Amino acid sequence: MLLVLSENWTLTGGRADLPTAVRWAREAEDAGFDAVMVSEHIVLGPDAGAAGVMGNPRDYALPGNQDPYTPWPNSLLLLASIASVTSRLRLAAAAVLAPLRHPLLLARELGTLDLLSEGRIVVQPTVSWSRDEYAALGVPFGKRGRLLDEHLQIWAKAWGPSPVSHDGEHYPFQDVYFEPKAYRPDGPRLWFGGQGMHGPLLRRLVRYGHGFHPLGRPTPEDMLGDAMAGAGRDIADLEMIGGTQAVFPDDRSPADLGTALASIPEQLELGFTTFCIKPNQFIDDPNGIGTFCRDVMRRVERVTA
C-alpha cells in the first residue's frame with residue numbers, strides 16, 4: 001500500500017503542517033505500508049480553479065478544480081525529511097514537473113535524494129496542465145512534451161559515465177562531469193501515468209518506465225503488453241500502480257473505507273500490485289494516521305485472502 005501525503009490539508013487545519021506529514025510517513029512504515037507519495041506544483045494561478053473548486057475538500061486535486069491557495073510544498077525536500085526518519089519506505093515523487101527545471105539540476109536533486117535514501121526514491125515525471133504555472137516560470141507551455149523527452153534523455157546520460165554531452169534542441173551542453181551518480185547505475189525508478197493512454201506516454205513508458213500509474217481505471221487495451229514486447233521488454237517487469245476511489249456521501253463527510261478497498265481484488269486480477277490511498281478521504285483525526293494505516297492493512301489482507 002502507498003500513502004498519499006499531498007492534499008491532506010483537511011487533516012491539518014488547512015495549513016501545510018510538514019512535520020506532521022513526516023510523522024505520518026513514519027507511522028505508515030511502522031504499519032506495514034510500502035511507500036508514500038508527494039506531488040508538486042511550484043506556483044498556482046487563476047486556472048487552478050477555472051473548472052470550479054471541488055465539492056468535497058477531501059477529494060483529489062485535478063486540472064482546474066482546486067483553490068489556488070492550496071499548499072504545495074517542495075516535494076523533494078519533504079521526501080528528504082521523510083527519508084531521514086524511515087528505513088524501508090519507498091519515496092514516490094509523483095507529478096515531478098520536469099520541464100519547469102533544467103534537466104541537469106533536476107537530475108542532481110533526484111540523484112542526491114536517491115543516494116540519501118539508498119535507492120528508495122521513485123520518480124513520476126510529467127508535464128502537468130497549468131498554463132499559468134508555465135507562464136509564471138517563463139517556460140513555453142506548448143513545448144512541455146518535447147522538454148520532458150529531453151529531460152529523460154539527459155537523465156539517462158547523467159546517471160551513466162562521465163563526461164556527458166548532449167546536442168539537443170533545448171538543453172545542449174558538452175563534456176560535463178556529473179558526480180556523484182544516483183544509487184543505481186541506471187538512476188531512480190521511473191513511473192509514468194496520466195488521465196489517458198496516448199502516444200507520447202506509451203513511448204516514454206516503454207523506453208524508460210519501471211511502473212505504470214494511470215489516473216482512474218485503465219481498460220484492458222491499456223495493459224501495454226504488446227508495446228512492451230515489441231520493445232523487447234517483459235510486461236511482468238513493469239510495476240502496476242492502482243488506487244482506491246472514495247465515494248463521498250456529501251460535500252462535508254469522509255468516505256467509507258471498506259467501499260473504497262473493495263475494488264482491490266479486481267485490480268489484482270488485472271496485474272496491479274501497489275495501491276494508493278489518501279487518508280483525509282476517510283478520517284478527520286490528524287493523530288489517527290497510524291491506526292488508519294493498520295486498519296487499511298488488516299482490511300486489505302481480508303479482501304485479498
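All values reported here derive from a predicted model rather than from experimental measurement.
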(message) Could you walk me through whether Phe248 and Met54 satisfy the side chain to side chain contact (heavy atoms under 4.5 Å, CB included) test, starting with their C-alpha distance in whole Å, then the side-chain angles of each, then the deciding distance to 0.1 Å, before giving a yes or no?
(response) CA-CA 12 Å; Phe248 300 107; Met54 65 185 77; over 6 Å; no

(message) Quick one, Leu261 and Phe275 - any side-chain contact, counting heavy atoms below 4.5 Å?
(response) no

(message) Please report the interatomic distance OG1(Thr244) to CD(Gln281), rounded to the nearest 0.5 Å.
(response) 6.0 Å

(message) Would a single hydrophobic cluster contain both Leu137 and Val96, if residues Ile, Leu, Val, Met, Phe, Trp and Tyr are joined by side-chain heavy-atom contacts under 4.5 Å?
(response) yes

(message) Please evaluate residues Gln245 and Ser263 with respect to the criterion side-chain hydrogen bond (donor to acceptor under 3.5 Å, both in side chains), reporting the C-alpha separation (whole Å), side-chain torsions for both, the decisive distance (0.1 Å), and the verdict.
(response) CA-CA 8 Å; Gln245 185 172 0; Ser263 68; over 6 Å; no

(message) Check the orientation of Trp155 and His151. Use parallel for under 30°, tilted for 30 to 60°, and perpendicular for over 60°.
(response) perpendicular

(message) Parallel, tilted or perpendicular, judged at 30° and 60°: which one describes the rings of Phe141 and Tyr134?
(response) perpendicular

(message) I'd like to know whether CZ of Arg88 has more than 12 heavy-atom contacts from other residues, nucleotides or ligands below 6.0 angstrom.
(response) yes

(request) Indicate yes or no: at least one non-hydrogen side-chain atom of Pro188 is less than 4.5 angstrom from one of Trp159. (result) yes

(request) Could you walk me through whether Asp132 and Val43 pass side chain to side chain contact (heavy atoms under 4.5 Å, CB included), step by step? (result) CA-CA 8 Å; Asp132 290 347; Val43 297; over 6 Å; no

(request) Please indicate whether Asp167 has more than 12 foreign heavy atoms, meaning atoms of other residues, nucleotides or ligands, lying under 6.0 Å from its CG. (result) no

(request) Might you point out which heavy atoms bring Ala182 and Gly187 nearest each other, and give the distance in Å? (result) CB-CA, 3.8 Å

(message) Donor-acceptor check, side chain of Asp175 to backbone of Ser165, threshold 3.5 angstrom: yes or no?
(response) no

(message) If you define the side chain from C-beta out and look only at heavy atoms, does anything of Leu152 sit under 4.5 Å from Leu190?
(response) yes

(request) Indicate if Leu238 and Phe192 have the same hydrophobic cluster label, given that clusters are the connected sets of ILVMFWY residues with side-chain heavy-atom separations under 4.5 angstrom. (result) yes

(message) Please check this pair: side chain of Arg58 against backbone of Arg252, looking for a donor-acceptor N/O pair closer than 3.5 Å.
(response) yes

(message) Let me check something: do Val303 and Phe272 share a hydrophobic cluster, defined by ILVMFWY side-chain heavy atoms less than 4.5 Å apart, either directly or through other members?
(response) no

(message) Working to the nearest 0.5 angstrom, can you tell me the gap between Leu205 CG and His210 NE2?
(response) 10.5 Å

(request) Check whether any side-chain heavy atom of Phe292 sits under 4.5 Å from a side-chain heavy atom of Leu257, and report yes or no. (result) yes

(message) If you compare all heavy atoms of Gly45 against all heavy atoms of Pro68, which two are closest, and at what distance to 0.1 Å?
(response) O-CB, 3.8 Å

(message) Looking at Ala51, is its backbone amide N or carbonyl O close enough to the side chain of Asn65 to form a donor-acceptor pair, meaning the two atoms are under 3.5 Å apart?
(response) no

(message) Just verifying a value: how many Å separate Leu97 CG and Thr126 OG1, rounded to the nearest 0.5 Å?
(response) 7.0 Å

(request) Answer whether the closest heavy-atom distance between the side chains of Asp47 and Trp129 falls below 4.5 Å. (result) yes

(request) Flag the pair Leu147 / Val127 as yes when at least one side-chain heavy-atom distance between them is below 4.5 Å, and no otherwise. (result) no

(request) Please answer whether the main-chain N or O of Gly243 pairs with a side-chain N or O of Gln267 as donor and acceptor at a distance below 3.5 Å. (result) yes

(request) Mind listing the closest non-hydrogen atom pair of Pro125 and Trp191 along with its distance? (result) CD-O, 3.3 Å

(message) Please give me the minimum heavy-atom distance between Asp17 and Trp9, naming the atom from each residue.
(response) N-CZ3, 3.8 Å

(message) Between Arg144 and Glu133, does any side-chain N to carboxylate O distance fall below 4.0 Å?
(response) no

(message) Quick check: closest heavy atoms across Ser128 and His41, and the distance to 0.1 Å?
(response) OG-CE1, 3.6 Å

(request) Kindly indicate whether the side chain of Leu106, heavy atoms from C-beta on, has any atom under 4.5 Å from the side chain of Leu76. (result) yes

(request) Kindly indicate whether the side chain of Arg189, heavy atoms from C-beta on, has any atom under 4.5 Å from the side chain of Arg90. (result) no

(message) Distance check, rounded to the nearest 0.5 Å: Asn280 atom CG versus Trp24 atom CH2?
(response) 7.5 Å

(request) Report the distance from atom CD of Glu27 to atom OG1 of Thr86, rounding to the nearest 0.5 Å. (result) 13.0 Å

(message) I'd like to know if the side chain of Lys157 pairs up with that of His166 as donor and acceptor (distance under 3.5 Å, no hydrogens or angles considered).
(response) yes

(message) Under a 3.5 Å distance rule, please check whether Asn8 uses its side chain to pair with a backbone N or O of Ser6 as donor and acceptor.
(response) yes

(message) Between Arg184 (side chain only) and Asp114 (backbone N and O only), is there a donor and an acceptor less than 3.5 Å apart?
(response) no

(message) Donor-acceptor check, side chain of Glu40 to backbone of Ser75, threshold 3.5 angstrom: yes or no?
(response) no

(request) Determine yes or no for a side-chain-to-main-chain donor-acceptor pair under 3.5 angstrom, with Thr112 supplying the side chain and Glu109 the backbone. (result) no

(message) Looking at Tyr171, is its backbone amide N or carbonyl O close enough to the side chain of Glu150 to form a donor-acceptor pair, meaning the two atoms are under 3.5 Å apart?
(response) yes

(message) According to a hydrophobic-cluster definition based on side-chain heavy atoms being under 4.5 Å apart (Ile, Leu, Val, Met, Phe, Trp, Tyr only), do Leu77 and Leu100 belong together?
(response) no

(message) Working to the nearest 0.5 angstrom, can you tell me the gap between Gln124 CD and His213 NE2?
(response) 6.0 Å

(request) Report whether Leu3 and Val300 are members of the same hydrophobic cluster (ILVMFWY, side-chain heavy atoms less than 4.5 Å apart, transitive linking). (result) yes

(message) Would the distance check show the side chain of Arg294 and the main-chain N or O of Ala28 forming a donor-acceptor pair, the cut-off being under 3.5 Å?
(response) no

(message) Regarding Glu179 and Lys181, does a basic nitrogen lie under 4.0 Å from an acidic carboxylate oxygen?
(response) yes

(message) Restricting to non-hydrogen atoms, name the atom on Lys278 and the atom on Asp59 that form the minimum distance, rounded to 0.1 Å.
(response) NZ-O, 3.5 Å

(request) Could you give me the CA-CA distance, side-chain angles and deciding distance for Val296 and Phe282, then say whether side chain to side chain contact (heavy atoms under 4.5 Å, CB included) is met? (result) CA-CA 11 Å; Val296 168; Phe282 307 99; over 6 Å; no

(message) Which residue is it: Val122, Leu91, Val22? I am looking for the one with a side-chain contact (heavy atoms from CB on, under 4.5 Å) to Leu79.
(response) Leu91

